[in-house]
Structure formats: structure tokens, C-alpha cells
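Starting from 1, each residue takes its place in the sequence as its number.
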Amino acid sequence: MKNKPSAATTQSATAQSHGLIGLLFTRTLGAQALTRSWWRRWVYPVLFLLTLTLSLATYLTLDSIQQSVDHYITDNQRALVGGDLILNSKQDWPSEVMAQVNTLPASQVV
């Protein structure tokens with residue numbers, strides 16, 4: 001009688017013969033299809049990394065532009081509004097505040 005190799009020995013030998021990919025994925029039909037279509041064609045991982053890099057660069061560029069615009073608006077808010085004081089309220093202003101606003105010359109009120 002021959003000694004029949006155990007399942008663990010057979011699996012270990014299979015994993016060694018398939019290298020790193022064999023260790024990462026079990027040898028199911030889906031893993032074989034993934035290996036065949038993805039890892040054996042060099043263009044797919046390269047395209048994936050290129051797409052990932054391009055999307056990250058785009059995100060960082062747009063974020064930088066948004067921060068620059070926000071910073072510019074914040075720094076130049078007085079010049080954009082045309083005044084030093086902005087009064088805004090959803091309620092009626094008290095008569096004391098309105099009296100002070102009415103004392104301002106019309107050329108200084110926007």
C-alpha cells in the first residue's frame with residue numbers, strides 16, 4: 001500500500017507551486033478567474049494604479065482650489081461687501097441701533 005498524502009500536504013504543495021497568489025486566494029473557480037484575468041495581464045494593475053493616482057490627484061487639486069477660494073473670500077470680505085460693518089437680522093432692529101445707522105452718511109451705507 002502506498003501512503004496517500006494528506007489534504008494538508010496536498011494543499012501546501014499546491015500553494016507553494018502557485019506562489020504568493022496561491023497563498024492569498026483559495027483555489028476556487030472565482031479565484032482562478034480573477035488570477036487569469038487580472039494578475040496575468042500586466043495592463044490591468046497598471047491601469048488600476050494610474051486611475052487611483054489620477055483620482056487622488058484630482059481630489060487634492062479640487063480641495064486645494066476650494067481652500068484657496070475660501071481663503072481669498074475671507075481675506076477680502078470687507079472689499080467685496082464695501083463696508084466695515086455688516087448688520088443682518090431676521091427681527092426688527094431696536095430704535096437705538098436704527099438711530100445710529102441713520103446718522104451715517106448715505107455714501108457710507110450700502
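- Apart from L60 itself, the hydrophobic cluster it occupies contains L56, Y59, where clustering links Ile, Leu, Val, Met, Phe, Trp and Tyr at side-chain heavy-atom distances under 4.5 Å.
- Put simply, OG1 on T61 and CG on L54 are 9.5 Å apart, with the number rounded to the nearest 0.5 Å.
- The CG atom of D70 lies 11.0 Å from the CG atom of D75; values are rounded to the nearest 0.5 Å.
- Once rounded to the nearest 0.5 Å, the distance linking OH of Y44 with CG of L49 reads 15.0 Å.
- With sequence neighbours left out, Y72 forms a side-chain contact (heavy atoms from CB on, under 4.5 Å) with N76.
- Of the inter-residue distances, the one linking Q66 atom CD with L62 atom CG reads 9.0 Å to the nearest 0.5 angstrom.
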Atom pairs and distances, donor-acceptor, side-chain atoms in residues 92-105, under 3.5 Å, two or more places apart:
residue, atom, partner, partner atom, Å
N102, ND2, M98, O, 3.0
T103, OG1, Q100, O, 2.5

